[in-house]
Amino acid sequence: MSTYRPAAQSSPIPFLKGHGTENDFVILPDPDNALTLSASAVAKLCDRRAGIGGDGLLRVVRSAAHPEARSMADRAEWFMDYRNSDGSVAEMCGNGVRVFACYLRRAGLVQAGDLAVATRGGVKKVHIAKDAGTGGDATGPGAITAHMGRALLTEDDVTVAVGDCDWPARNVNMGNPHAVAFVDDLAHAGNLFTAPPVSPASVYPDGVNVEFVVDRGPRHVAMRVHERGSGETRSCGTGACAVAVAAARRDGLDPAVTGEPVTYTVDVPGGRLVITERPDGEIEMTGPAVIVAEGVLDAEWAQRLDTL
């Protein structure tokens, strides 16, 4: 098959399955950048009935071997080639980068401690706890902290609609675009199978992740999300960061002004994430990451991915 090429047809094609707060991923180790994945092949691998199943795919490539990451190779040995479940390419995935780091540790490619990961959204710093991957909660054993960079907020007038209802939304960019709407009830988000209309569409020419948010308590919110290219997912790491920043600004909190970090707890359908925004604008996300399975793709099926 022209779009999915292992080194030899008989060579085993390893894969793993992992999740971060139930945002789940197919993981393909490909250190030498030997595989060429079409959007169709990715979509079939992520299919929950006819494939392995996942909200997205993480391809593990050495930065020096990938043309999009070569310029980052002196800062990050490993590149996270992230694809949405429909096969489209994405800049960054917050839960994905934690699962990516969890895999690297499991495979013996890195040690516990600090790690740099190259992504299309830039180099991301990650801290791996000694017992990461053991299924801990957001702040306990097994948690992994990802440094997510800075949020870019604009004053665009954005509106999100579901049925006959609409809400103002905050435009937050975390290396990928987000529209954050505060609602009274998460049920107001509807089924989120399809992307909620966002206007004006010109603000998001490449589509957008949409978060619906309710308050649970002081500096504690809950959210549902429609991820661009994937539909509703159980969690979205960059979305949780966007939500925390939007909530802080709504609440009159800006670490750059006060000089004090601000932390929000963000509940997602798949668990809990803790988001801290520092006075320098750097955002840290802490949460669990777990590898649940590994195996080998059937070689004949893999060779026919584009025709299944």
Side-chain angles (χ1 to χ4, degrees), residues 20-23 94-95 98 127 129 135-156 158-160 162 165-190 192 196 209-227 232-289:
T21 50
E22 298 183 11
N23 195 188
N95 287 315
R98 295 200 325 278
H127 181 80
D137 61 24
T139 57
I144 294 178
T145 297
H147 296 248
M148 302 292 290
R150 295 169 173 80
L152 175 63
L153 294 91
T154 70
E155 298 303 321
D156 297 300
V158 176
T159 300
V160 173
V162 175
C165 299
D166 60 69
W167 301 267
R170 189 71 191 254
N171 181 8
V172 184
N173 194 291
M174 286 299 307
N176 56 0
H178 297 267
V180 180
F182 292 90
V183 297
D184 294 327
D185 190 324
L186 289 179
H188 292 166
L192 291 183
N209 305 286
V210 182
E211 288 81 24
F212 294 86
V213 187
V214 297
D215 289 299
R216 291 286 188 243
R219 301 193 188 185
H220 184 185
V221 297
M223 61 173 267
R224 289 176 61 198
V225 58
H226 174 93
E227 284 200 63
E232 181 170 16
T233 59
R234 301 281 293 171
S235 180
C236 176
T238 56
C241 294
V243 163
V245 171
R249 299 302 182 274
R250 180 204 60 176
D251 296 341
L253 300 172
D254 187 344
V257 174
T258 64
E260 298 292 332
V262 174
T263 297
Y264 275 75
T265 298
V266 181
D267 292 342
V268 295
R272 175 168 289 179
L273 296 166
V274 176
I275 313 297
T276 297
E277 185 182 10
R278 302 293 181 187
D280 64 359
E282 181 71 23
I283 297 170
E284 297 175 357
M285 174 185 62
T286 301

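Numbering starts at 1 and runs along the sequence shown. The structure presented is a predicted model; accordingly, all values stated were derived computationally and were not measured.
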Side-chain donor/acceptor of N209 to backbone N/O of P177, under 3.5 Å | yes

Non-hydrogen side-chain atoms of D215 and R250 separated by less than 4.5 Å | yes

Partner of R278 by side-chain hydrogen bond (donor to acceptor under 3.5 Å, both in side chains), out of E284, H147, E260 = E284

Can you check whether A187's main-chain N or O pairs, donor with acceptor, with D185's side chain at less than 3.5 Å?
-> yes

Any donor and acceptor pair, going by atom type alone, linking the side chain of H220 with main-chain N or O of T265 inside 3.5 Å?
-> no

Would you say the side-chain atoms of R224 pair up with the backbone N or O of L186, donor to acceptor, closer than 3.5 Å?
-> yes

Between V172, N95, N176, which is the residue that forms a side-chain contact (heavy atoms from CB on, under 4.5 Å) with T238?
-> N176

Write down the atom of A247, the atom of V221, and the distance for their closest heavy-atom approach.
-> CB-CG1, 4.5 Å

Using modelled atom types only, decide if a donor and an acceptor are shared between the side chain of R216 and the backbone of D267 within a distance under 3.5 Å.
-> no

Exceeds 12 heavy-atom contacts within 6.0 angstrom, atom CG of D280 | yes

Tightest non-hydrogen contact, residues E22 and P269, listed as OE1-O, 4.4 Å

4.5 Å side-chain heavy-atom contact, R219 and T263 | no

Would you please classify the geometry between the W167 ring and the F212 ring as parallel, tilted or perpendicular, with 30° and 60° separating the classes?
-> perpendicular

